[in-house]
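Encoded as structure tokens, the structure appears first; notes follow it.
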Number of protein chains: 2
Amino acid sequence: MLNDPMPLTPIASAPQAEPEKRVRDRGATEKAILNAAKALLAEEGFQNFGINAVARKAGCDKQLIYRYYGGLNGLVDAIGADLGTWVKDRIPEDTGGMFLLTYGDLMERLSLLFLQALRDDPLMRRIVAWEVSENTEQVRRLSEARSKALATWLERMRGSLTPPKGVDAVAVNAILIAAIQHIVLSASAGGQCAGLALKASKDWEKAEQALKRIVRGVYG
Amino acid sequence: MLNDPMPLTPIASAPQAEPEKRVRDRGATEKAILNAAKALLAEEGFQNFGINAVARKAGCDKQLIYRYYGGLNGLVDAIGADLGTWVKDRIPEDTGGMFLLTYGDLMERLSLLFLQALRDDPLMRRIVAWEVSENTEQVRRLSEARSKALATWLERMRGSLTPPKGVDAVAVNAILIAAIQHIVLSASAGGQCAGLALKASKDWEKAEQALKRIVRGVYG
DNA sequence: GATCGATGTCGCCGCTCGGCGACATTCGAC
DNA sequence: GTCGAATGTCGCCGAGCGGCGACATCGATC
């Protein structure tokens, strides 16, 4: 994924194997930094996320992060902007709602899709965990970007379906989303949640079954 | 929150040289350390939780933490053991189940009780956030203690009621607990969750209403 | 060829961290 | 009284952190 850390160090001899010197390519460097930051966040979490770590991972000097992104905050903003692509990757065009007859059909499908998407996306998971653990400027920016991406995704998937009368869909859906996020986070961190094991796919089937039951219970 | 036997500590500030002589009381020092650790965790979260910070807050030398608790891990164990008291504080003896006719009644009540308890307990909130953010030895120990306390609480409150047939109560309840935990964490961190504001008591009423609806939907 | 801005690199600063060795003070047993 | 252990204190170490000034190198332009 990331370019190997340029063996330009003249330890033994002049590298004849490299006819062309590594180009000074600001765009590539910026990309390397951004990718390193995303990868670092996804792999290590926000605990060890800092200027030095990103620079190490990107194989560049940390000064460049200051120059190109204005420091960690700017870099986090860039990650947030990059999060917009999350939506496009996760909209199945073909099942755009024409087979979803009821709001319950829709929410059942969305719940399972969101669950799966979160399980498959370590970066998103780390960001969610970050959101509930800190309240710094960086987190706020990232959180806003994620929130917007999620809202856009829900909006696009919803189509023209409307929730049944008498149900506060915003509140209910917030709770459903909260449940999904926390279940995935718990599983990712400790392999279980409130006594429910969440490791084998059999475990996840039980969770999905329960989730469907809950959605159907409230939305019919 | 915690009884402070020493009137010398000003509010959340490093204790200066007291005119009053400080007695050599190992028990009191141990208590001060434990209280400082709990308070620090509750107030600052796990980000800045370390030997130096605890010692500073306790107004003692960090060496004593090593001596008395065997380091941070032992101190965390002590916090975990202390968590057992959580159960006793939150069992209303009078409404021990005799007015709860159905499992749905029970779970509705438990959900709201748990929600309120979490909202009122910053330490517990921080621990939950810690659980989903890290997977270190310390977190594992603390998490286990919390899990056991929660399970005990649920067990005692459940009484003799049994869930309806055909419902995977373990899975469903895990999702409900996950939802509550994440809602409270999100609110605590950012004042909202998935587009649902969670600041004013009016907001919380909406959330509670939605939660009740969900519980009733699945448990009747 | 000389110049100058863009790009990349190096090393220092002050700080906090966890850990620990060494010392100071007090108290109880004898 | 004496002495040893319990209790409390001090300061150092190596490491990592964010931040930044100064330098090195390259490419385009004149």
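Just so we're clear, the structure is a prediction, and the values are computed from it rather than from any experiment. Naming convention: chains lettered A, B, ... in sequence-line order (proteins, then strands); numbering from 1 in each chain. Below, all heavy atoms of this structure are taken into account, side chains as well, without hydrogens, waters or symmetry copies.
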Ignoring hydrogens and geometry, is there a side-chain-to-backbone donor-acceptor pair from B:Arg213 to A:Val172 under 3.5 Å?
->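 Absent.
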Could you tell me whether the side chain of A:Asn173 and the main chain of A:Ala169 form a donor-acceptor pair under 3.5 Å?
->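 Side chain of A:Asn173 to backbone of A:Ala169, a donor-acceptor pair under 3.5 Å: yes, one is there.
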What parts of residues 65-76 of chain A reach DNA chain C, counting only heavy atoms under 4.0 Å away?
->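 When residues 65-76 of chain A is checked for heavy atoms under 4.0 Å from DNA chain C, the hits, listed by number, are A:Arg67, A:Tyr68.
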List the steps, then state whether side chain to side chain contact (heavy atoms under 4.5 Å, CB included) holds for B:Leu142 with B:Leu41.
-> CA-CA 12 Å; B:Leu142 209 45; B:Leu41 197 50; 4.2 Å; yes
What are the atom names and distances for every N/O pair under 3.5 Å that joins the protein to nucleotides 10-15 of chain D?
from   : atom 1 : to      : atom 2 : distance (Å)
D:dC10 : N4     : B:Asp61 : OD1    : 3.4

Any side-chain N or O of A:Thr29 less than 4.0 Å from the OP1 or OP2 oxygen of C:dT7?
->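 Answer is no, no contact under 4.0 Å.
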Check whether any side-chain nitrogen or oxygen of A:Asn52 sits under 4.0 Å from OP1 or OP2 of D:dG16, and answer yes or no.
->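 Answer is no, no contact under 4.0 Å.
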Less than 4.0 Å between a side-chain N and a carboxylate O, is that true for A:Arg158 and A:Glu155?
->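 Yes, A:Glu155 and A:Arg158 are salt-bridged.
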Rounded to the nearest angstrom, tell me the gap between atom [atom1] in [X] and atom [atom2] in [N].
X       : N      : atom1 : atom2 : result
A:Asn48 : C:dT16 : CG    : P     : 20 Å
B:Glu44 : C:dT16 : CD    : P     : 14 Å
B:Arg26 : C:dT26 : CZ    : C1'   : 15 Å

Take A:Ile127 and A:Phe46 through the side chain to side chain contact (heavy atoms under 4.5 Å, CB included) test and state the conclusion after the steps.
-> CA-CA 8 Å; A:Ile127 292 176; A:Phe46 56 93; over 6 Å; no
Out of C:dG19, C:dC17, D:dG19, which nucleotide sits closest to the side chain of B:Ile51?
->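 For B:Ile51, the side-chain atoms sit closest to C:dG19.
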When you compare the protein's N or O atoms with those of nucleotides 27-30 of chain C, which come within less than 3.5 Å of each other, and at what distance?
none

Pairs touching residues 180-213 of chain A that satisfy ring-ring contact (aromatic ring centres under 6.0 Å, His included), sequence neighbours left out |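 Residue pairs passing ring-ring contact (aromatic ring centres under 6.0 Å, His included), neighbours aside: A:His182-B:His182.
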Are any of the side-chain heavy atoms of B:Leu110 and B:Val215 separated by less than 4.5 Å?
->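 No, every pair of side-chain atoms sits at 4.5 Å or beyond.
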Pair up each side-chain donor or acceptor in residues 188-199 of chain B with any protein partner under 3.5 Å, not counting sequence neighbours, and list the distances.
from     : atom 1 : to       : atom 2 : distance (Å)
B:Ser188 : OG     : B:Arg125 : NH1    : 2.7
B:Gln192 : OE1    : B:Gly195 : N      : 3.2

For residues 58-80 of chain B, which side-chain donor-acceptor pairs fall under 3.5 Å, sequence neighbours excluded?
from    : atom 1 : to       : atom 2 : distance (Å)
B:Asp61 : OD1    : B:Gln63  : N      : 2.9
B:Lys62 : NZ     : B:Asn52  : OD1    : 3.1
B:Tyr69 : OH     : B:Glu30  : O      : 2.8
B:Asn73 : OD1    : B:Gln138 : NE2    : 3.1
B:Asp77 : OD2    : B:Arg141 : NH1    : 2.9

Count the heavy atoms of every other residue, nucleotide or ligand shown that sit under 6.0 Å from CD of B:Glu137, and state whether that count exceeds 12.
->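 Buried by this count: over 12 neighbours within 6.0 Å.
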Geometric class of the B:Trp86/B:Phe114 ring pair [parallel <30°, tilted 30-60°, perpendicular >60°] =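 If you compare the ring of B:Phe114 with that of B:Trp86, the planes turn out perpendicular.
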Assign A:Leu64 to base, sugar-phosphate, or nothing according to its heavy-atom contacts below 4.0 angstrom with the strands shown.
->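 Since a base atom lies under 4.0 Å of A:Leu64, the category is base.
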